[in-house]
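The structure displayed is predicted, hence computed values, not measured ones.
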Amino acid sequence: MSSQSKNPQTRQWQELSQRHHLAPFSDYKQLSEQGPRIITKAEGVYLWDSEGEKILDGMAGLWCIAVGYGREELVEAASKQMRELPFYNTFFMTAHPPVLELAKTIAEIAPAGMNHVFFTGSGSEGNDTMLRLVRHYWACKGQPEKKVIISRLNGYHGSTVAGASLGGMKYMHEQGDLPIPGIVHIPQPYWFGEGGDMSPEEFGIWAADQLEQKILEAGADKVAAFIAEPIQGAGGVIIPPDSYWPRIREILAKYDILFVADEVICGFGRTGEWFGSDYYGNAPDLMTIAKGLTSGYVPMGGLIVSDKVFEVINEGGDFNHGFTYSGHPVAAAVALENIRILREEKIIEKVKAETAPYLQKRLRELADHPLVGEVRGVGMLGAIELVKNKQTRERFSGELAVGMVCRGHCFANGLVMRAVGDTMIIAPPLVISREEIDELVTKARLCLDLTARDVQG
Ligand code: PXG
């Protein structure tokens, strides 16, 4: 554990971690040896740790914080709701005002024809709900054999059994015999990593055509839905070539297969539009949401359902599915306030017109760095590919975990930037200012320089 602590409490908290806390996605032995960094407060786009260090949060918590940390209005909304009605369920023919108002508000901002919302506690639960609802839909339509869901390798759809199965993370499948039956995967549209000699446009078509191949392999009469993130987040901010989504849309229409957009990261403004599907002009049948819905202040997720799907399940009797906290009133009140702030302060419009173009321009300046093979991004999402050879896109892989080296420098220099393999990624709070973007890029360059020094040394 860290020995140069300025604050004795840091040590105590790290000991509690070692003794009692099982953290998500962690190597427990390594975690107890190093001790976690203890984050104690936040304001705007900044975090502070228990040692008093100020950190620019380039990852918005974990792709969550849209309106910034420290928004009193959200605190007020939660406490007001807690005083009035802290909890009641939405089962058994009951409801409460916040959940109903939130459903209506989401229908207003969602793409046309998406007017119904099933609430959950998280994005993973949203995708579990999707799996069950999609199969229920086809059963209601008299096609119960349409069960297979096609997803993508290196996509992320959560960590419940269905979420991890839908996701295409091999290291998650390896633990616990996943995926569950009825879920199959196709390659991702990751040109920089997997495009080989094809142009991005050719590769986009190739990757989309893998969907058609898989549909034919499984049998179109067996395939219920295709699920994808508009831009893969946890997989490394993977932005499909422009040819990809139009071709996917054609294929889905040809075979009568439901289109599910996992908007857990892209939703609520991250691309400079309300949803990633708006950014690409996609018209999904279902959309999973979470994270930016409440800016992460309280847990909440959901599944937005189109009229087309609703009209079928509306005639289908009981949908035997739900969670105690489906539509939790406090979460709903916070989500409503979060959406009010996004709308009234025109945060998404500002991202689109001003701050995202500025972030993207500044980030691309890093492309001249000797370690950087590509810089890409959309809206408030960015990725920096670290390479050994800029021309051939050759990786350090195997020789050196260069992403982790860079991440370590970020950690030590007051910047949260994540490493996904050798890809450094950012997704700052949507309210980040130009000055804060300058600070982010300056820190990122410093960390790239420090990484290059380690790599060469
Ligand atoms: N879909 C997508 C696209 C996600 O990014 C989920 C579903 C699951 O949401 P919940 O609320 O159940 O976690 C996510 C979550 C990472 C990382 O390493 C990303 C997520 C979760 C944990 C880690 O970037 N995204």
Determine, stepwise, if the pair Ile304 / Glu263 fulfils side chain to side chain contact (heavy atoms under 4.5 Å, CB included). CA-CA 10 Å; Ile304 312 182; Glu263 295 272 1; over 6 Å; no
Would [X] count as a cation-pi partner of [Y], with NZ or CZ less than 6.0 Å from the six-membered ring centre and within 45° of the ring normal?
X      : Y      : value
Arg270 : Phe268 : no
Arg249 : Phe259 : no
Arg393 : Trp191 : yes

One pair to check against side chain to side chain contact (heavy atoms under 4.5 Å, CB included): Val312 and Lys308. What are the steps and the verdict? CA-CA 7 Å; Val312 172; Lys308 164 181 147 182; over 6 Å; no
Between [X] (side chain only) and [Y] (backbone N and O only), is there a donor and an acceptor less than 3.5 Å apart?
X      : Y      : value
Asn127 : His157 : yes
Trp245 : Pro230 : yes
Glu125 : Gly121 : yes
Thr294 : Ala335 : no
His173 : Ala164 : yes
Gln360 : Leu381 : yes
Lys146 : Val223 : yes
His185 : Ser165 : yes
Lys291 : Leu62  : yes
Ser124 : Ser159 : yes

Verify whether one side chain among [X] and [Y] offers a donor that lies under 3.5 Å from an acceptor in the other.
X      : Y      : answer
Tyr69  : Asp57  : yes
Asp262 : Tyr156 : no
Glu212 : Tyr255 : yes

For the pair [X] and [Y], find out whether any cationic side-chain nitrogen is under 4.0 Å from an anionic carboxylate oxygen.
X      : Y      : value
Arg152 : Glu229 : no
Arg362 : Glu365 : yes
Lys254 : Glu250 : no
Glu101 : Lys104 : no
Lys390 : Asp368 : no

Looking at every non-hydrogen atom in both residues, tell me the closest pair between [X] and [Y] and how far apart they are.
X      : Y      : result
Ile109 : Phe275 : O-CE1, 3.6 Å
Val45  : Ile432 : CG1-CA, 3.9 Å
Ala290 : Val264 : CB-CG1, 3.9 Å
Val99  : Gly327 : CG2-CA, 3.6 Å
Gly236 : Arg376 : O-NH2, 2.9 Å
Gly158 : Met172 : O-CE, 3.5 Å

Atom pair [atom1]/[atom2] of [X] and [Y] - distance to nearest 0.5 Å:
X      : Y      : atom1 : atom2 : value
Asp49  : Thr40  : CG    : OG1   : 6.5 Å
Ile39  : Glu53  : CD1   : CD    : 10.5 Å
Met114 : Asp285 : CE    : CG    : 7.0 Å
Asn413 : Leu446 : CG    : CG    : 5.0 Å
His116 : Glu311 : NE2   : CD    : 7.0 Å
Phe25  : Leu31  : CZ    : CG    : 14.5 Å

Over 12 foreign heavy atoms within 6.0 Å of [atom1], [X]:
X      : atom1 : result
Asp438 : CG    : yes
Asp177 : CG    : no
Glu72  : CD    : no

Test side-chain contact (heavy atoms from CB on, under 4.5 Å), reference Glu385, set Thr423, Val375, Leu371, output is Thr423
Whether His136 and Phe319 hold their rings parallel, tilted or perpendicular, with breakpoints at 30° and 60°: parallel
Taking the inter-plane angle between the rings of Phe323 and Phe118 on a 0 to 90° scale, is it parallel (under 30°), tilted (30 to 60°) or perpendicular (over 60°)? perpendicular
Using side chain to side chain contact (heavy atoms under 4.5 Å, CB included), reason through Tyr280 and Ile231 one step at a time and then give a plain yes or no. CA-CA 10 Å; Tyr280 284 112; Ile231 292 170; 3.5 Å; yes
Do [X] and [Y] have side chains that approach each other closer than 4.5 Å (heavy atoms only, starting at C-beta)?
X      : Y      : answer
Leu440 : Glu436 : no
Asn338 : Leu74  : yes
Val351 : Leu359 : no
Leu252 : Leu211 : yes
Thr355 : Met380 : yes

Going through the distances and angles, do Glu217 and Lys214 end up as a salt bridge (charged side-chain N to carboxylate O under 4.0 Å, His left out)? CA-CA 5 Å; Glu217 201 178 292; Lys214 192 57 92 180; 3.3 Å; yes
Asn154 and its side-chain hydrogen bond (donor to acceptor under 3.5 Å, both in side chains) partner, picked from Gln188, Lys170, Glu194: Gln188
Walk me through whether Thr105 and Arg343 qualify under side chain to side chain contact (heavy atoms under 4.5 Å, CB included). CA-CA 11 Å; Thr105 302; Arg343 280 172 144 178; 3.9 Å; yes
Glu73: what forms a side chain to side chain donor-acceptor pair (under 3.5 Å) with it, not counting sequence neighbours? Arg71
